[in-house]
Number of protein chains: 2
Amino acid sequence: MTETDSLPERKRGSGVKMVYDLLRDEILDLKIAPGSPIDEVQLAERFKMSRTPIREALVRLAGEGLIETLPNRSTMVSNIDFMNLHTFFDALVLMYRVTTRLAAQSHRPEDIAIIRGFHEDYATALKARDHLTMIATNAAFHAAIAEAGRNPYFTSLFRRLLDEGRRILQLYYQSYEEHFPQRFVDEHAAIIAAIEARDLEEADRLGKAHAEAIVAQVQKLFSRNDRLDIAL
Amino acid sequence: MTETDSLPERKRGSGVKMVYDLLRDEILDLKIAPGSPIDEVQLAERFKMSRTPIREALVRLAGEGLIETLPNRSTMVSNIDFMNLHTFFDALVLMYRVTTRLAAQSHRPEDIAIIRGFHEDYATALKARDHLTMIATNAAFHAAIAEAGRNPYFTSLFRRLLDEGRRILQLYYQSYEEHFPQRFVDEHAAIIAAIEARDLEEADRLGKAHAEAIVAQVQKLFSRNDRLDIAL
DNA sequence: TGCATTTTATTTGTCGACAAGAAAAATACA
DNA sequence: TGTATTTTTCTTGTCGACAAATAAAATGCA
């Protein structure tokens, strides 16, 4: 509702990107709930621009599956498909493996610095018990590893999966507020070491184990919820 | 240039999809060369609609990497990145494996019928020595297998790779006009059999072998071209 | 009151127009 | 003639308005 627009002056091509980035973050941080309707005119008023650039941003978001648009009728934030979470987890685990392995193979020195940066940001956020930052920096950490692997096809799919994962982890931490495992930080450190040592097999193995640990933990929560739903 | 628009009457939401589909096919069939500029007003005239829906179609195509758009300046058909073809092949081979394996695991009877349909279309096109149809039905065949695997994340990446592959195969067949291997038809048949038998390992193995055969063949061509470039 | 039909309201898809940016052309100047 | 600067041209990004499509409300009728 409250909008902090300091500059009414906007550069020519920047409006779309701004709306896109902001909406994307709000969706991934669950600030806008899945299923919420998205109103073009409302957004146009909020950002003080015409509907045209708003629409372009929405088309992009729809292209990444973050919003769904019914023809001639409402557009809304995509729901999380709990029924088919296993397909998400399958893809996530495989991409963790592949990207970590490729990073061990193809990284350059400067990549390690970037990865370490996010690693430290994550550790800091964990100490501060800051969910949102933890989730976002964790995603950034693994995205940086994928970038170091230098396969844009894998990177883009992995980014999409990490995005979707941000929403799911968000739900997870809303249920388990006091759960902040140092373990993940240690695993991250081990992954970095394997990448730096160019040990493909170890990187692959660690990536797989790390992914499966996260998946197992999240699945535990949702299976509990499933049982709850059935009980109702 | 010549446009066959029989109906000047268009339904409300159909314009964007029409432009999108047509442009997409023209790009993938190399009817528009990589690097060609795309002019919005020209398209608007050609399809007899305003620039707005044209633009939406272009944004979609850009989202899939089929066109590239320089801010405030021209937009053009994406070039094929020959320098990094190996990343494409890596991703392609892995997705061939994964989707074929998942199809063996998760397919339903009705999927087989669809897959067989494209299989036969491919065989027909091969007999007719019709490049364009061969390439398109081959992509459709493997996309159908991916659909039977029922993992939308893998399917969407694989679709993108198959699309890009259409352009590359197009180049390939432009060089080797008389090369129409029956072998691929046989391999397709074997893949269908493995899927139907729900033999995951065999499906995986065949998918990998099939992919690597295609990759090897294409690489042979391009490595020859590479040498040529160096010789010049 | 309950259901079918018409009317109104809301939201999207499309349009034509205009202005900002960048390249190309034209001009000035050495 | 060659380079710097201005002018023109061309394309894109944005705008406000209108029309089609759908949902919601109102009305009619039993």
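Reminder, nothing fancy here: chain letters follow the sequence lines and each chain counts from 1. Because the structure is a prediction, the values reported are computed rather than measured. The basis for the numbers below is simple: all heavy atoms, side chains too, and nothing from hydrogens, waters or symmetry mates.
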Undergrad: Figure out the CD1/C1' separation between A:Ile54 and C:dT12, and round it to whole Å.
TA: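 From A:Ile54 CD1 to C:dT12 C1': 14 Å.
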
Undergrad: What is the separation between atom CD1 on B:Ile38 and atom P on D:dC10, rounded to the nearest whole Å?
TA: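 Atom-to-atom, B:Ile38 to D:dC10, this comes out as 20 Å.
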
Undergrad: Rounded to whole angstrom units, what separation is found between the CD1 atom of A:Ile67 and the P atom of C:dT12?
TA: 11 Å

Undergrad: Does the side chain of A:Thr52 get closer than 4.0 angstrom to OP1 or OP2 of D:dT14 through an N or O atom?
TA: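 So the side-chain polar atoms of A:Thr52 never come under 4.0 Å of the phosphate oxygens OP1 or OP2 of D:dT14.
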
Undergrad: For a quick check of understanding: with a heavy-atom distance under 4.0 Å over all strands, which category does B:Thr75 fall into, base, sugar-phosphate or nothing?
TA: sugar-phosphate

Undergrad: I'd like a table of atom pairs between the protein and nucleotides 17-20 of chain D - only N or O on both sides, under 3.5 Å - with the distance next to each one.
TA:
{"unit_1": "D:dA20", "atom_1": "O4'", "unit_2": "B:Arg12", "atom_2": "NH1", "d": "3.4"}
{"unit_1": "D:dA20", "atom_1": "N3", "unit_2": "B:Arg12", "atom_2": "NH2", "d": "3.4"}

Undergrad: Can you tell me if B:Ser106 uses its side chain to pair, donor with acceptor, with the backbone of B:Ala103 under 3.5 Å?
TA: no

Undergrad: Quick one: which of C:dT12, D:dT12, C:dT14 gets closest to the side chain of B:Val41?
TA: D:dT12

Undergrad: On the nucleotide D:dC15, are OP1 or OP2 found under 4.0 Å from the side-chain N or O atoms that A:Ser50 carries?
TA: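 So the side chain of A:Ser50 is within the cut-off, an N or O lying under 4.0 Å from OP1 or OP2 of D:dC15.
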
Undergrad: Between A:Lys11 (NZ) and D:dT12 (C1'), how many Å, whole number?
TA: 18 Å

Undergrad: Can you give each donor-acceptor pair under 3.5 Å made by side-chain atoms of residues 56-67 of chain B, sequence neighbours left out, with the distance rounded to 0.1 Å?
TA:
{"unit_1": "B:Glu56", "atom_1": "OE1", "unit_2": "A:Arg55", "atom_2": "NH1", "d": "3.4"}
{"unit_1": "B:Glu64", "atom_1": "OE1", "unit_2": "B:Tyr20", "atom_2": "OH", "d": "3.0"}
{"unit_1": "B:Glu64", "atom_1": "OE2", "unit_2": "B:Tyr20", "atom_2": "OH", "d": "2.4"}

Undergrad: Below 4.5 Å, heavy atoms only, C-beta onward: do B:Ile80 and B:Leu171 meet side chain to side chain?
TA: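 Contact flag for B:Ile80/B:Leu171 side chains = yes.
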
Undergrad: Please list all pairs meeting salt bridge (Lys or Arg N to Asp or Glu O under 4.0 Å) that have one or both residues in residues 73-94 of chain B, counting only residues at least two apart or in different chains.
TA: none

Undergrad: Measure CE/A:Met76 against P/C:dT11 and give the value in whole Å, please.
TA: 17 Å

Undergrad: Restricting to salt bridge (charged side-chain N to carboxylate O under 4.0 Å, His left out), what partner residues turn up for B:Arg12, sequence neighbours left out?
TA: none

Undergrad: Which whole-number value in Å describes the distance from B:Glu56 CD to D:dT12 P?
TA: 17 Å

Undergrad: With heavy atoms under 4.0 Å as the rule, sort B:Glu40 into base, sugar-phosphate or nothing.
TA: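 The residue B:Glu40 makes sugar-phosphate contact but no base contact.
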
Undergrad: Counting only side-chain heavy atoms from C-beta out, which of C:dT14, D:dA23, D:dC10 sits nearest to B:Arg73?
TA: D:dC10

Undergrad: Taking distance alone, no hydrogens or angles, what donor-acceptor pairs closer than 3.5 Å link side-chain atoms of residues 28-38 of chain A to residues at least two apart or in another chain?
TA:
{"unit_1": "A:Asp29", "atom_1": "OD1", "unit_2": "A:Arg166", "atom_2": "NH2", "d": "3.0"}
{"unit_1": "A:Ser36", "atom_1": "OG", "unit_2": "A:Ala33", "atom_2": "N", "d": "3.4"}
{"unit_1": "A:Ser36", "atom_1": "OG", "unit_2": "A:Ala33", "atom_2": "O", "d": "2.6"}

Undergrad: Which residues satisfy the side chain to side chain contact (heavy atoms under 4.5 Å, CB included) test with B:Ala123, sequence neighbours excluded?
TA: B:Val185

Undergrad: For B:Leu58, report the nucleic acid contact type (base, sugar-phosphate, nothing); a contact means any heavy atom under 4.0 Å.
TA: nothing

Undergrad: Which whole-number value in Å describes the distance from A:Phe47 CZ to D:dT14 P?
TA: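 The answer, rounded to whole Å, is 14 Å.
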
Undergrad: Between A:Leu70 (CG) and D:dA23 (P), how many Å, whole number?
TA: 9 Å

Undergrad: Starting from the 5' end of DNA chain D, give me the residue, B:Ser74 or A:Pro53, whose nearest nucleotide shows up first.
TA: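 Residue closer to the 5' terminus by nearest nucleotide: B:Ser74.
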
